[in-house]
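Report on the structure given below.
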Amino acid sequence: MQALLYAAPGQLKWADTDEPSIRSPREAIVRPIASAFCDLDRRIRAGSTPFKPGFAIGHEAVGEVVEVGSEVTTVRRGDVVSIPWKIACGHCAQCLYGRSSACTSVPKHACYGVPTGGNWGGLFSELVNVPFADAMLVPLPAGLDPAAVAAASDNLTDAWVAASRPLAGRKDARVLVVGGTESIGILATQFARAAGAAEVTYFDSDDARKALAERSGARIFDGPPEALHERFDVTIAATRDHEMLRSGLLALAPGGHCSCIGIIFDDPKIPLFQMYMRDVTLSVGLCSVRPHIPKVMDLVAAGQCDPLSLTTVVSCDEAPDALAVHSAKVVMVRPRITESDAS
Ligand SMILES: [Zn+2]
Ligand SMILES: [Zn+2]
């Protein structure tokens with residue numbers, strides 16, 4: 001079978017690789033039918049992450065179940081499912097606490113599409129092994145377009161958690177989204193409204209993203225960052241730029257919360273004393289997506305978030321070069337093979 005490989009900086013290519021097989025009764029083999037590029041994948045391809053070339057990329061996908069082990073009870077061949085980015089067992093203390101990102105049944109940081117914690121393959125591949133099918137896979141509601149929720153595995157759900165967690169219990173909250181990453185800031189803009197924000201303001205230097213944010217219901221801020229100071233109850237920093245993160249932190253009103261969802265590999269200077277004087281919270285971390293995926297799919301089904309509004313859909317042939325051509329979100333689709341035999 002073929003996997004989409006990060007072959008060299010600036011180069012993704014299809015390559016032959018071994019087909020996965022069922023090795024334990026709790027596993028499933030899934031065929032991705034809608035695979036999304038995470039914002040991180042752009043940086044992997046560009047060579048601007050710590051990851052060296054030579055691995056199968058992709059950790060966001062909806063797939064069809066092809067085969068299940070004898071102990072799998074919640075899905076069967078033909079089911080269309082979301083595949084979380086993180087390999088997680090569902091029954092260790094961390095998983096039971098809702099922190100699948102820290103599952104202790106597998107090596108640390110075991111996941112798809114990134115060479116950490118073992119080799120689990122990538123979600124652009126023709127087939128992938130899902131080691132804990134019952135704990136990981138989430139069936140799609142009937143009628144939902146797989147391409148719309150391909151990113152529920154990661155970016156889409158990360159955006160929902162970043163917006164909804166600080167907004168829970170805050171009435172009439174004013175939200176600032178600091179943009180900069182390709183898709184997740186726009187998704188967070190849409191989800192902030194869905195989570196009950198009184199108003200959403202969007203701050204970014206990129207005109208295309210500003211237009212998307214405006215269409216997503218945000219007010220666009222074009223003034224100097226100082227004019228944002230202490231005006232917002234919640235900020236969502238979907239940026240990797242240190243100064244932009246700083247703007248997001250200083251924009252917090254007393255008691256505010258900043259969700260930092262741009263992956264920053266180095267250590268930016270944080271305005272800790274000014275944050276102290278405002279009594280604010282900064283949250284940052286890998287998103288344990290699995291418990292939140294059903295809610296995210298319901299919100300997309302209800303039209304509360306429209307990922308396709310920022311998505312370009314491409315074929316398998318177009319996938320290797322798609323990131324060089326298209327901005328925002330790119331989703332690759334491939335035809336189903338189990339449709340005729342599913343009930
Ligand atoms: Zn990701
Ligand atoms: Zn676990």
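Start at 1 and go down the list; that is how both ligands and their atoms are numbered. Only this structure's heavy atoms are used, side chains among them; waters, hydrogens and symmetry mates stay out. The residues of the chain are indexed from 1 along the displayed sequence.
One finds an angle of 110° at the Zn ion (ligand 2) between SG on C95 and SG on C103, to the nearest 10 degrees. Taking the Zn ion (ligand 2) as the apex, the angle formed with SG of C92 and SG of C89 is 110°, to the nearest 10 degrees.
S21 and R23 are not linked by any side-chain donor-acceptor pair at a separation below 3.5 angstrom, with hydrogens and angles left out of the test. For Q2 and D16, the side-chain atoms include at least one donor-acceptor pair closer than 3.5 Å. Side chain to side chain, S283 and H257 meet the donor-acceptor criterion of an N or O pair below 3.5 Å.
Taking the six-membered ring where tryptophan is involved, the planes of F273 and Y276 are essentially parallel, since the angle between them stays under 30° and well short of 60°.
The N, O or S atom of H59 lying closest to the Zn ion (ligand 1) is NE2. Among the heteroatoms counted here (N, O or S) of D154, OD2 is the one nearest to the Zn ion (ligand 1).
With a cut-off of 2.8 Å, the Zn ion (ligand 1) has no N, O or S atom of D158 in range. Note on H91: not counted as a metal contact of the Zn ion (ligand 2), no N/O/S atom lying under 2.8 Å.
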Item to check | side-chain hydrogen bond (donor to acceptor under 3.5 Å, both in side chains) between S101 and S288, worked out | outcome: CA-CA 5 Å; S101 65; S288 291; 3.0 Å; yes
